Amino acid sequence: IDDKGNPQNLSEGEAVRDLLLSKNEQVIDFAKKHPTLLKPFSVSSKARDPKSGTKDMVYYSYETERGFQLVYPEAFLSNGTRKQYQIYSLIFSRPKGSTIFIDEIDNGFHPKLLRALIEEMQKEGYQLIFTSHDTNLLDDLRPDQIFFTYWKDGVSTIRRLDSIYPRIREINSIENMYLRGAFDQNG
């Protein structure tokens with residue numbers, strides 16, 4: 001959501017490039033504080049041949065421990081690394097305390113990095129609302145933070161886990177229950 005309250009879709013294109021460039025210093029500072037989460041790449045942009053009409057290219061550069069500067073075109077990096085930089089740039093473009101919606105947050109992320117991202121963003125004061133296919137996350141969240149969406153007769157219903165099972169905290173593994181289908185009949 002932008003400064004005027006309008007939803008933003010930052011999945012691709014110029015908006016993402018501009019966001020990466022504008023928030024790069026904040027992402028680098030965060031990466032230096034959390035080296036296990038993110039490599040401190042510097043993001044830059046270089047115009048392609050203006051005659052061809054193609055857009056700017058994005059480059060990621062990184063200084064090795066021996067002082068060598070490595071520069072990669074964006075296409076050479078993994079989807080996960082690019083997505084991490086996009087998500088952190090998006091988050092740091094919003095004031096602390098903001099609510100950020102991310103569809104399929106787990107795509108391209110290693111499960112440990114995803115857990116760390118969620119934990120760090122909670123510490124930083126952001127509220128993340130996301131969809132995920134990573135069932136491992138179910139045991140990392142409180143029952144009041146987990147919602148299920150059910151589809152029946154053309155109508156979607158959203159239910160919070162602790163409203164389905166009020167005493168869920170006494171159960172050892174929400175993930176195992178989910179994988180066994182324990183929540184399927186509650187739509």
Side-chain angles (χ1 to χ4, degrees), residues 1-45 58-65 70 72 74 77-149 158 160-163 168-169 173-175 178:
I1 298 179
D2 68 16
D3 294 332
K4 296 175 185 164
N6 300 313
Q8 290 179 294
N9 182 355
L10 295 175
S11 60
E12 293 298 328
E14 292 180 38
V16 170
R17 184 196 69 227
D18 294 344
L19 191 60
L20 287 168
L21 295 170
S22 70
K23 296 300 172 186
N24 187 237
E25 290 304 315
Q26 286 176 277
V27 175
I28 289 173
D29 290 344
F30 182 82
K32 287 177 180 176
K33 291 178 194 169
H34 306 284
T36 58
L37 290 179
L38 195 61
K39 204 175 262 300
F41 283 108
S42 178
V43 180
S44 61
S45 178
V58 174
Y59 292 91
Y60 289 71
S61 58
Y62 175 74
E63 188 171 321
T64 68
E65 292 175 8
L70 304 176
Y72 304 97
E74 185 176 42
L77 295 174
S78 70
N79 286 336
T81 299
R82 288 196 311 261
K83 184 170 182 178
Q84 274 187 289
Y85 263 80
Q86 291 171 3
I87 287 175
Y88 282 114
S89 296
L90 169 67
I91 289 168
F92 292 132
S93 73
R94 310 308 315 148
K96 286 190 179 192
S98 294
T99 300
I100 299 171
F101 296 83
I102 302 173
D103 188 30
E104 297 189 13
I105 195 172
D106 55 319
N107 284 349
F109 269 90
H110 187 282
K112 286 184 180 179
L113 291 178
L114 182 55
R115 282 188 196 103
L117 163 74
I118 293 166
E119 187 177 300
E120 285 303 315
M121 291 304 99
Q122 288 174 336
K123 285 181 190 173
E124 293 281 329
Y126 295 96
Q127 179 181 18
L128 298 179
I129 297 176
F130 58 88
T131 61
S132 177
H133 294 278
D134 183 355
T135 60
N136 292 305
L137 292 173
L138 292 171
D139 286 335
D140 294 332
L141 299 170
R142 296 187 323 258
D144 65 315
Q145 296 175 315
I146 300 170
F147 290 79
F148 293 105
T149 305
I158 299 173
R160 197 167 74 186
L161 177 58
D162 65 350
S163 73
I168 193 78
R169 287 179 182 13
S173 176
I174 295 170
E175 178 186 22
Y178 175 80

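For clarity, every value in this text was computed on a predicted model and none was experimentally measured. Hydrogens, waters and symmetry mates play no part in the numbers below; they use all other heavy atoms, side chains included.
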Trainee: Could you check I174 against L141 for side chain to side chain contact (heavy atoms under 4.5 Å, CB included), going step by step and ending with a plain yes or no?
Mentor: CA-CA 9 Å; I174 295 170; L141 299 170; over 6 Å; no
Trainee: Are any side-chain N or O atoms of S98 and backbone N or O atoms of R94, one a donor and one an acceptor, separated by less than 3.5 Å?
Mentor: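 Not a single qualifying donor-acceptor pair exists.
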Trainee: Got a second to check how far K23's NZ is from I91's CD1, nearest 0.5 Å?
Mentor: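 CD1 of I91 is found 12.5 Å from NZ of K23.
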Trainee: Measure from the side-chain N and O atoms of D139 to the backbone N and O of S173, and report whether any donor-acceptor pair falls under 3.5 Å.
Mentor: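 Not a single qualifying donor-acceptor pair exists.
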Trainee: Shortest non-hydrogen contact from D106 to D134?
Mentor: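 Minimum heavy-atom separation between D106 and D134: OD2-N, 3.3 Å.
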Trainee: CD of Q127 to OG1 of T99: how many Å apart, nearest 0.5 Å?
Mentor: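 Going from the CD atom of Q127 to the OG1 atom of T99 covers 4.0 Å.
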Trainee: Would you give the length of the straight line joining atom OG of S132 to atom CD1 of I146, rounded to the nearest 0.5 angstrom?
Mentor: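 Spacing of OG (S132) from CD1 (I146) equals 11.0 Å.
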Trainee: Out of curiosity, I168 CD1 to R142 CZ, how far, rounded to the nearest 0.5 Å?
Mentor: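 I168 CD1 to R142 CZ: 14.5 Å, rounded to 0.5 Å.
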Trainee: Quick one: closest heavy-atom pair of D144 and R160, and the distance?
Mentor: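 The pair with the smallest heavy-atom distance is O-CD, 3.3 Å.
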Trainee: With the side chain counted from C-beta on, respond yes when D140 and I118 share a heavy-atom pair under 4.5 Å apart, and no when they do not.
Mentor: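 In short, these two side chains do not touch, never coming nearer than 4.5 Å.
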Trainee: Do F130 and F101 make the cut of ring centroids closer than 6.0 angstrom?
Mentor: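 Between F101 and F130, which both carry aromatic rings, the centre distance is not below 6.0 Å.
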Trainee: Looking at L117, is its backbone amide N or carbonyl O close enough to the side chain of E120 to form a donor-acceptor pair, meaning the two atoms are under 3.5 Å apart?
Mentor: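 No, because the side chain of E120 does not come within donor-acceptor range (under 3.5 Å) of the backbone of L117.
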Trainee: Check F30 against E124 and note the closest heavy-atom contact, atom names and distance.
Mentor: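 Nearest pair, atom of F30 first, then E124: CE1-OE2, 4.3 Å.
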Trainee: Please round to the nearest 0.5 Å and tell me the distance separating atom CZ of F92 and atom CE of M121.
Mentor: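 The CZ atom of F92 sits 4.5 Å away from the CE atom of M121.
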Trainee: Once the angle between the rings of F148 and Y178 is folded into 0 to 90°, is it parallel (under 30°), tilted (30 to 60°) or perpendicular (over 60°)?
Mentor: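 It falls in the parallel class, under 30°.
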Trainee: Judged by modelled atom types alone, do E104 and N107 share a side-chain donor-acceptor pair under 3.5 Å?
Mentor: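 Side chains of E104 and N107: pair found under 3.5 Å.
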Trainee: Dump the intermediate steps for side chain to side chain contact (heavy atoms under 4.5 Å, CB included) on L114 and I105, then the final yes or no.
Mentor: CA-CA 8 Å; L114 182 55; I105 195 172; 3.8 Å; yes
Trainee: Before accepting this row, confirm whether a basic side-chain N of the pair R115/E119 lies closer than 4.0 Å to the acidic partner's carboxylate O.
Mentor: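 No, R115 and E119 are not salt-bridged.
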Trainee: Search all heavy atoms of K83 against all heavy atoms of D103 and return the closest pair with its distance.
Mentor: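 Where K83 meets D103 most closely, the heavy atoms are NZ-O, 4.2 Å.
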